[in-house]
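So the structure is just underneath, and the comments pick up after that.
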Amino acid sequence: MHVLLPDDTRLELPEGATGADAAAAIGAGLARAALAVKVDGVERDLVAPLHDGARLEIVTPSSPDALDLLRHDTAHVLAAAVIDLYPEVRISIGPPIENGFYYDFEFPPGVTISDADFDRIEAKMREHVKADEHFRREDVTVAAALERFREQEQPYKVELIEDLVKNAPADDPVETVSLYTNGPFTDLCRGPHGPGTKRIRAFKLQSVAGAYWRGDATRTMLTRIYGTAFFSRDDLKAYLEQVEEARARDHRRLGRELELFQFSPVAPGSAFWLPNGTIVYNLLVELAREMNRPRGYTEVRTPMLYDSELWRTSGHWDKYRENMFISHVEDRDMALKPMNCPGHAHLYSLQRHSYRDLPVRYAEPGPLHRYEPSGTLHGLLRVRQFVQDDAHIFCREDQIQDEVNGCLELVFATLRRFGFEIDVELSTRPEQRIGSGELWDRAEGALIEALEGQEIAYRVNPGDGAFYGPKIDFHVTDSLGRSWQLGTVQLDYNMPERFGLVYTGADNAEHTPVMIHRAAFGSFERFIGILIEHYAGEFPLWLAPVQATLLPISDRHVPYANEIAATLRDEGVRVDVDERTESIGRKIRDAELRKVHYMLVVGDREQETGSVGLRQHREGDLGSLTVGGFAERVRDEIEQRSA
RNA sequence: GCCGGAGUAGCUCAGCUGGUAGAGCACCUGUCUUGUAAACAGGGGGUCAGGGGUUCGAGUCCCCUCUCCGGCUCCA
């Protein structure tokens with residue numbers, strides 16, 4: 001028989017040859033490196049027999065999916081080690097994930113695992129690795145597998161098999177399942193696996209966490225152990241260093257170090273913005289206003305606290321009440337707004353509107369409150385009080401196209417400034433929805449037309465739209481390669497209906513407007529959290545709380561420093577003066593640690609010539625410059641407002 | 001909210017199996033008057049998250065509450 005290799009060469013092999021045989025036939029080095037094979041594009045074990053004419057690809061450590069395979073192997077080794085240590089443990093699933101793998105266990109009552117146990121577990125794992133246990137596959141009948149796992153009192157495995165059978169398509173019923181065994185440990189597993197545990201050279205257990213069985217909050221909480229694995233110790237080390245780098249950029253840490261914001265137990269989930277952070281915050285709010293103004297938005301201010309009647313009208317009382325702060329006063333239920341849309345819809349209804357007035361575009365950078373469960377709070381990225389840069393557009397059907405186009409343009413213009421890569425996702429009609437199919441066709445069509453009209457590449461996320469309409473989401477990738485959902489544009493036929501919104505048409509009849517919800521930053525809180533990590537705390541000049549700091553050589557130069565500071569402030573530069581009685585070396589060091597862009601050293605020389613000694617963050621000494629020259633340079637740089 | 005972990009000076013942390021709280025940085029004072037990443041000396045500062053319990057004695061052991069951290073569910 002023969003197989004075809006990726007470069008289309010034909011490889012003759014004896015009947016019944018395996019992937020390992022094929023690798024050996026190609027070369028000894030490849031045979032040693034081989035982990036698995038891809039037969040006609042499907043991953044298989046190295047020891048699986050090949051069929052005549054198969055397209056064959058040998059999976060080695062340099063193959064794209066090889067790390068997943070290795071990590072899956074490692075997850076099995078973890079389970080084997082845990083069973084060694086806790087024979088009573090119940091096992092569930094253990095897949096590879098983005099940067100490693102996990103395995104979920106149910107430990108016997110009273111047993112808890114913490115990272116203090118990792119040494120013991122890792123030592124056990126190393127025994128399995130050292131033994132170079134081979135991964136052996138067997139295909140058994142469903143009945144045999146069920147019996148086996150029932151006997152071993154592994155209810156999660158039993159449930160998995162039962163569901164496999166239940167969920168199989170009628171024309172392709174599941175009759176057998178595959179089991180993989182390494183050493184004493186057998187697991188239900190689709191495979192494939194590498195040849196043996198010896199390939200697991202560099203692994204590390206990382207953390208332990210609770211995880212609901214099957215991600216369902218009503219079911220058992222299992223103990224999840226996270227780990228990672230690489231083909232070489234160097235790769236593992238590099239990865240751990242990268243994790244360390246991300247930790248150093250943690251916005252919660254930088255927020256405190258740079259005196260941007262703090263949190264306090266007296267207001268969980270709500271930031272206290274310090275003066276430096278407030279500067280950044282206000283600059284972003286101002287940017288949002290500047291984006292809105294020329295695009296026909298008007299700013300409005302609506303109440304924070306509303307009678308429950310409003311929330312019943314909007315549907316929030318049914319669908320969103322658990323996320324709202326509610327208080328009972330004078331026999332009425334009042335709730336803080338978690339979103340602006342109902343207030344804006346109500347505001348629209350307070351006035352009469354003619355078709356000539358539309359579109360009406362309301363923006364409101366005001367605080368929102370959402371009751372987020374305590375366990376979900378996370379620095380600025382998940383808070384209970386925040387401000388969205390959202391706006392609501394009320395328009396006629398025939399205006400949707402232009403308005404959506406305008407929103408797309410605005411979101412891109414806003415986010416691009418920060419040096420993010422932007423991915424666009426279109427979410428279409430969900431199972432649970434309101435409105436006719438025809439309405440959805442129109443709404444989705446309008447979004448698609450806008451995206452394609454502007455030649456924006458997008459991914460479709462079928463069924464993930466809001467119940468009232470389809471949406472376009474904007475995801476950005478930060479400097480650490482992490483993805484965040486920020487902006488959104490949503491079409492809404494529902495809210496205007498519920499609020500009975502109307503406009504008078506050219507035909508003198510009343511018509512229902514369409515509502516568009518849109519935001520570019522999402523929330524300022526989350527956006528600043530992301531920005532801090534994206535820039536590692538080194539904001540671009542236009543956003544930096546302190547743009548320049550005056551460093552007098554000695555006390556007698558302080559008056560001159562203050563004089564220059566006053567001049568620069570007049571020019572709109574944010575500047576401070578280090579008046580401490582400290583050495584210049586010390587002042588420079590502290591300014592560098594504060595990540596201040598420009599350090600202006602002033603001593604006798606500068607005072608005599610009316611200049612400043614310019615030093616730039618990370619760049620070092622740039623020589624001397626006149627005060628006017630520096631002011632001009634900084635002003636230009638600030639005006640560009642670029643990342 | 002759920003599971004696990006943690007909470008000691010403003011920050012980072014030490015404090016062995018219970019025996020009366022410590023370091024570095026920061027802060028304050030004094031001396032030095034500094035030329036491109038840390039001058040020197042002295043000093044103040046803690047109901048050991050809060051409450052209850054065990055004990056002759058609790059930062060240390062037990063229980064409850066709060067907050068934070070890592071996840072899960074959820075989410076801008």
Side-chain angles (χ1 to χ4, degrees), chain A residues 97 102 104-107 111-117 206-226 247 250 252-253 256-257 259 262-269 320 322-323 338-340 368 370-390 473-474 484-488 517 519-530 551-558 580-594 599-606 613-624:
Chain A
I97 52 174
Y102 66 80
D104 284 349
F105 303 95
E106 185 187 359
F107 284 91
V111 177
T112 56
I113 297 296
S114 77
D115 49 12
D117 298 299
Q206 292 177 293
S207 61
V208 57
Y212 299 111
W213 168 234
R214 307 209 127 175
D216 183 340
T218 64
R219 306 203 59 181
T220 318
M221 177 66 77
L222 304 174
T223 302
R224 175 171 296 179
I225 298 177
Y226 283 94
R247 217 173 68 86
D250 191 308
R252 292 165 297 187
R253 175 197 184 127
R256 193 180 51 237
E257 286 174 2
E259 300 185 358
Q262 296 253 238
F263 284 91
S264 162
V266 298
Y320 207 74
E322 309 78 61
N323 283 292
M339 298 180 191
N340 282 315
L368 305 175
R370 293 186 190 172
Y371 168 69
E372 300 288 351
S374 56
T376 64
L377 301 176
H378 183 93
L380 291 178
L381 302 181
R382 190 78 182 275
V383 290
R384 285 179 175 164
Q385 185 196 313
F386 56 98
V387 176
Q388 284 187 324
D389 71 318
D390 67 348
D473 290 326
F474 300 84
W484 305 92
Q485 199 227 292
L486 296 176
T488 185
H517 310 238
F521 292 126
S523 81
F524 292 104
E525 279 74 4
R526 181 176 283 182
F527 190 77
I528 292 173
I530 293 165
L551 308 180
I553 293 283
S554 79
D555 289 352
R556 69 174 181 278
H557 305 113
V558 168
R580 293 175 304 165
T581 306
E582 285 289 353
S583 68
I584 191 66
R586 175 54 177 274
K587 291 176 184 177
I588 286 170
R589 178 183 150 81
D590 288 346
E592 289 282 354
L593 292 176
R594 287 197 296 151
M599 286 150 272
L600 307 176
V601 177
V602 291
D604 291 335
R605 286 205 301 267
E606 289 75 15
L614 182 61
R615 181 190 166 96
Q616 193 175 345
H617 178 54
R618 285 181 180 278
E619 302 294 320
D621 194 351
L622 298 181
S624 73

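So you know, we letter chains A, B, ... as the sequences are listed, proteins then strands, and number each from 1.
The CE-C1' distance, from A:Met599 to B:rU34, rounds to 18 Å in whole Å. Separating the CZ atom of A:Arg580 from the P atom of B:rG30 is a distance of 16 Å, rounded to the nearest angstrom. Rounded to an integer number of Å, the gap from A:Asp555 CG to B:rA39 P is 14 Å. If you measure from atom CD1 of A:Ile225 to atom P of B:rG71, you get 15 Å, rounded to the nearest angstrom. If you measure from atom CZ of A:Arg594 to atom P of B:rA26, you get 14 Å, rounded to the nearest angstrom. Distance A:Arg382 CZ to B:rG70 P: 14 Å, rounded to the nearest Å. Whole-Å rounding puts the A:Glu322 CD to B:rC75 P distance at 11 Å. Nucleotide B:rC25 holds its C1' atom 11 Å from the CG atom of A:Asp590, rounded to whole Å.
Rounded to whole Å, the P atom of B:rA58 lies 13 Å from the corresponding atom of B:rG52. Taking atom P on both B:rG44 and B:rG4, the two are 44 Å apart, rounded to the nearest angstrom. Between B:rC48 and B:rG15, the distance separating the two C1' atoms is 11 Å to the nearest Å. The same atom, P, is picked in B:rU67 and in B:rC27; the two are 32 Å apart, to the nearest Å. Straight-line distance between the P atoms of B:rA21 and B:rU60: roughly 14 Å, to the nearest whole Å. Nucleotides B:rC3 and B:rG10 have their P atoms positioned 32 Å apart, rounded to a whole Å. For the C1' atom pair drawn from B:rG45 and B:rC25, the interatomic distance equals 14 Å after rounding to whole Å. Remark: the separation of the P atoms in B:rU73 and B:rA9 is 35 Å, to the nearest Å.
The side chain of A:Ser523 lies closest to B:rA76, out of B:rA76, B:rG1, B:rA39. Side-chain proximity of A:Arg252 to the nucleotides B:rU34, B:rG70, B:rU36 is greatest for B:rG70. When each of B:rA76, B:rG70, B:rU34 is scored by its nearest atom to the side-chain atoms of A:Gln388, the top-ranked nucleotide is B:rA76. Of the candidates B:rG35, B:rC72, B:rA38, B:rA38 carries the atom nearest the A:Arg586 side chain, counting heavy atoms from C-beta on. When distances are taken from the side chain of A:Pro268 to each of B:rC68, B:rA76, B:rU33, the shortest belongs to B:rC68.
Residue A:Gly603 is classed as a base contact, given a heavy-atom separation below 4.0 Å to a base. If you check every strand for non-hydrogen atoms under 4.0 Å, A:Arg605 touches a base. Looking at heavy-atom distances under 4.0 Å, A:Arg615 makes contact with a base. Base contact: A:Glu372 has a heavy atom under 4.0 Å from a base atom. Using a 4.0 Å heavy-atom distance criterion, A:Ile584 is classed as a sugar-phosphate-only contact. Counting any heavy atom pair closer than 4.0 Å across all strands shown, A:Asp216 reaches no nucleic acid atom. Nucleic acid contact for A:Tyr226: sugar-phosphate only, since backbone atoms but no base atoms lie under 4.0 Å from a heavy atom of the residue. Within 4.0 Å of A:Gln485, counting heavy atoms only, lie sugar-phosphate atoms of the nucleic acid but no base atom. As judged by a 4.0 angstrom heavy-atom cut-off over every strand, A:Pro265 is placed among residues touching the sugar-phosphate backbone only. Within 4.0 Å of A:Glu606, counting heavy atoms only, lies at least one base atom of the nucleic acid. Among the heavy atoms of the strands lying under 4.0 Å from A:Thr581 is at least one base atom, whether or not backbone atoms are also near. Within the nucleic acid shown, A:Arg370 comes within 4.0 Å of at least one base atom, counting heavy atoms only.
Proximity of A:His378 to the phosphate of B:rG70: a side-chain N or O atom is located under 4.0 Å from OP1 or OP2. Between A:Thr376 and B:rC74 there is no side-chain polar atom (N or O) within less than 4.0 angstrom of OP1 or OP2. Residue A:Tyr371 places at least one side-chain N or O under 4.0 Å from the OP1 or OP2 atom of B:rG1. Between A:Arg589 and B:rU34, a side-chain N or O to OP1/OP2 separation shorter than 4.0 Å is absent.
Contact of the A:Arg384 side chain with the A:Tyr371 side chain is registered, since non-hydrogen atoms from C-beta on lie closer than 4.5 Å. Between A:Phe263 and A:Leu380 there is a side-chain heavy-atom pair separated by less than 4.5 Å. Under the 4.5 Å side-chain criterion, counting only non-hydrogen atoms from C-beta, A:Phe107 is not in contact with A:Thr112. Using a 4.5 Å heavy-atom cutoff, the side chains of A:His517 and A:Asn340 are not in contact. The shortest side-chain heavy-atom distance between A:Leu486 and A:Ile530 falls under the 4.5 Å cut-off.
Taking 3.5 Å as the limit, the base of B:rG1 and the side chain of A:Tyr212 contain a donor-acceptor pair of atoms between them. Counting distance only, with no hydrogens placed and no angle test, the side-chain atoms of A:Arg526 and the base atoms of B:rC75 include a donor-acceptor pair under 3.5 Å.
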Per-nucleotide protein contact string for nucleotides 3-18 of chain B (B base, S sugar-phosphate only, - none; heavy atom under 4.0 Å)
BSS-----SS------

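In RNA chain B, the stems built from three or more successive Watson-Crick or G-U pairs (distances below 3.5 Å) are B:1-7 with B:66-72, B:10-13 with B:22-25, B:27-31 with B:39-43, B:49-53 with B:61-65.
Along RNA chain B, the nucleotide closest to A:Pro373 and the one closest to A:Tyr320 are compared, and the more 5′ of them pairs with A:Pro373.
The closest donor-acceptor contact from the side chain of A:Asp389 to the backbone of A:Gly522 lies under 3.5 Å. At distances below 3.5 Å, at least one donor-acceptor pair connects side-chain atoms of A:Glu525 with backbone N or O atoms of A:Val387. Remark: the backbone N or O of A:Leu381 is paired with a side-chain donor or acceptor of A:Arg526 at under 3.5 angstrom.
For the side chain to side chain contact (heavy atoms under 4.5 Å, CB included) with A:Asp104, the lone residue among A:Ile225, A:Leu222, A:Thr220 that qualifies is A:Leu222.
Here the closest heavy-atom approach between residue A:Gln616 and residue A:Met599 is recorded as C-CE, 3.9 Å.
A salt bridge links A:Arg252 to A:Asp250: one of the charged nitrogens lies within less than 4.0 Å of a carboxylate oxygen. A salt bridge does not link A:Arg594 with A:Glu259: every distance from a Lys NZ or Arg NE/NH1/NH2 to an Asp or Glu carboxylate oxygen is 4.0 Å or more.
An aromatic stack links A:Phe386 and the base of B:rA76, using centre distance under 5.5 Å and interplanar angle under 30°.
Under the side-chain contact (heavy atoms from CB on, under 4.5 Å) criterion, A:Gln388 pairs with A:Leu368, A:Arg370, A:Phe386, A:Asp390, A:Ser523, not counting sequence neighbours.
The number of heavy-atom neighbours closer than 6.0 Å to CZ of A:Arg247, taken from other residues, nucleotides and ligands shown, is 12 or below.
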